[in-house]
Amino acid sequence: MTSLHTITKPPSAAALQSCAKFLSEGDSILLLEDGVYYSADANNWPALPLGTKVYGLKEDFVARGLSKIVDRQVELVDYARFVQLSCEHDKVVSWL
Amino acid sequence: MTSLHTITKPPSAAALQSCAKFLSEGDSILLLEDGVYYSADANNWPALPLGTKVYGLKEDFVARGLSKIVDRQVELVDYARFVQLSCEHDKVVSWL
Amino acid sequence: MKFSLVVYSAPYSSQSAATALHFAQQLLIQGHEIYRLFFFGDGVHNASKLAVVSQDETHIQQQWDSLIAENNIDSVVCVSSALKRGIINLEESNRHDLESISLSDSSEIAGLGQLIDASINSDRLVNFG
Amino acid sequence: MKFSLVVYSAPYSSQSAATALHFAQQLLIQGHEIYRLFFFGDGVHNASKLAVVSQDETHIQQQWDSLIAENNIDSVVCVSSALKRGIINLEESNRHDLESISLSDSSEIAGLGQLIDASINSDRLVNFG
Amino acid sequence: MNTTNSNTEITLLARSAPYGSGAAKLCLDVSIAAAVFEQTVNYVFLDDGIYQVLDEQDASPINSKSLGKTLEALGLYGIEKLYVDEDSLRKRNLSTDQLLPQVELVNADAIKKFINQSKFVLTL
Amino acid sequence: MNTTNSNTEITLLARSAPYGSGAAKLCLDVSIAAAVFEQTVNYVFLDDGIYQVLDEQDASPINSKSLGKTLEALGLYGIEKLYVDEDSLRKRNLSTDQLLPQVELVNADAIKKFINQSKFVLTL
């Protein structure tokens, strides 16, 4: 049972830090809305299990002026791919 | 020009940490709403300038089950005193 | 696949309402089914029909209304969230002599059972807030 | 002293609306003057007259309405926040054929100039959000 | 509605302090609805959600119902245990004797397992 | 209204990231209103508010107006400087060349002075 974990709050809310503690094999992370600021701030990344894929919603990166300072481990995706990722994982966990 | 600084968000929002950097002589702090949880968690107290008075809104401490674990440096006050404190300081700065 | 979406945030106060709308539109483009939209907490304001939005901003409530009506989607606002936030239908309006209706015609008021039902009968439940 | 209060949060979603109400009541008890209430952002929902609140919960919108009407307080909802959140008066309702009114009779719609004016002409401006 | 003939496992991750925002109350309402419709509920308190299970809450001075009292009574709906993330508790310098009697400390692996085996996870 | 014949100093402490919530936009609206009514505005960005003054924002993909563009144009209203808390910037691993050209780094003492000398401080 894999999960797609969505992070929508900025690093100061520490949702990714909580989420990281509960990741299983095959789980992925999607940064969107204010969650994209994680990408600009390497200090705030918690340790993730090896092989955890991290995606970022492109629209939100562009809006915030971050498209040029994307962390190398983040793969930018569009809404079409967001929907596909929701299907490819067994559930979506939104860290509100 | 003294300020009464009100803190309404829990320690995880780090508003008191920001506020503490900008305190002047004669300023005071009022913990209310979820700001009262600072009182239960000594680790999260930033250093405050010597002589900074810290008040806590009694109603919010009682509601949250904290009236017995109030930090010694916090003086509990009621709404009547909250209004008086707003008058005694030159302005109120609310850390939303 | 069969999706249900839960929206917890009001438009303009949080981006999440717009994200959910965009996601829902994309679901339909890809041929997925939306089993139910459930507006919860502040999310009930997405189903207001009284919003007046200036030309240069996205009218999120209207876009929800169109999406729901055109695709005949089951759209529910949670009763306990909606009424106290001033989102009411004709029945509540009449009962309390309020002479006004704020709920969009495309949504209806129902209980949290509809959220539990959606979690059971959808392949995916996605939360936005 | 002359106070103005700015409220940024909606009732039931944040405690701040109730805190502001309690503070306002206490101001009047102590004989202070409320120069203006300014409802901003989600705070505009405090001035909804369509809320239906169950008996066992505090009807915050109604308490604001009583406080404002009984004490003849100047109460303003910010126009740019209110309209897109579905808080509208008769004039806006007519202009857009919406056939409903959501703004309490005790408050009026005005611009941010009223907030700046309040900051100039009050001894204290207190924010709740 | 087609709810009663199937059992789904639901995990609620309660992460918000009570009273200050409406999130804790929404999560509680979902837990009761899920239990009424005979679903299996794992009710987990972590991060600021820990504050929801503090003992001796009395919300009458702020004209609210005490969330703690309702949580204590969830056994009536078949929710016997309130799971508390031990890491979040430690970080807040709290100990179990300050919490409601129903709480059971769990570690990250246990919570991971709840998330894994649930059809639906709600964080609020 | 009795606004134009008195000048008041107002400090805005912008502490929220843009777009995700409406707070940044509310703060911006207040700044413009205050400037239009010829008040003195100290517009200070700290904590997550730093993200409001990142360069090259383009909010068209999310159907919004770019906050950065409007902040850049505030000179039209007489708000020439956007003050940035250097401590908040450092904590986020950002440097001034990633920010709008109008920004001026300030330290805690400068911000303390703004707060002190203002009649009205708004944090959003």
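Here the structure is a predicted model, which means the values were calculated and not measured. Every chain is numbered from 1 and lettered A, B, ... according to where its sequence line falls, protein lines coming before strand lines.
Residue Asn63(F) holds its CG atom at 10.0 Å from CD of Gln15(C), rounded to the nearest 0.5 Å. Ser21(F) contributes atom OG, which lies 15.5 Å from atom OH of Tyr12(C) (distance to the nearest 0.5 angstrom).
Heavy atoms closer than 4.5 Å to chain F are found in both the backbone and the side chain of Ser14(C). In this structure, the portion of Ile62(F) lying under 4.5 Å from any heavy atom of chain C is its side chain and not its backbone. For Lys65(F), the part lying under 4.5 angstrom from a heavy atom of chain C is the side chain only.
Other residues, nucleotides and ligands contribute at most 12 non-hydrogen atoms within 6.0 Å of the CD atom of Glu99(C). Applying the 6.0 Å contact sphere to NZ of Lys112(F) captures more than 12 heavy atoms from other residues, nucleotides or ligands. Taking a 6.0 Å sphere around OH of Tyr77(F), one finds it holds 12 or fewer heavy atoms contributed by other residues, nucleotides or ligands.
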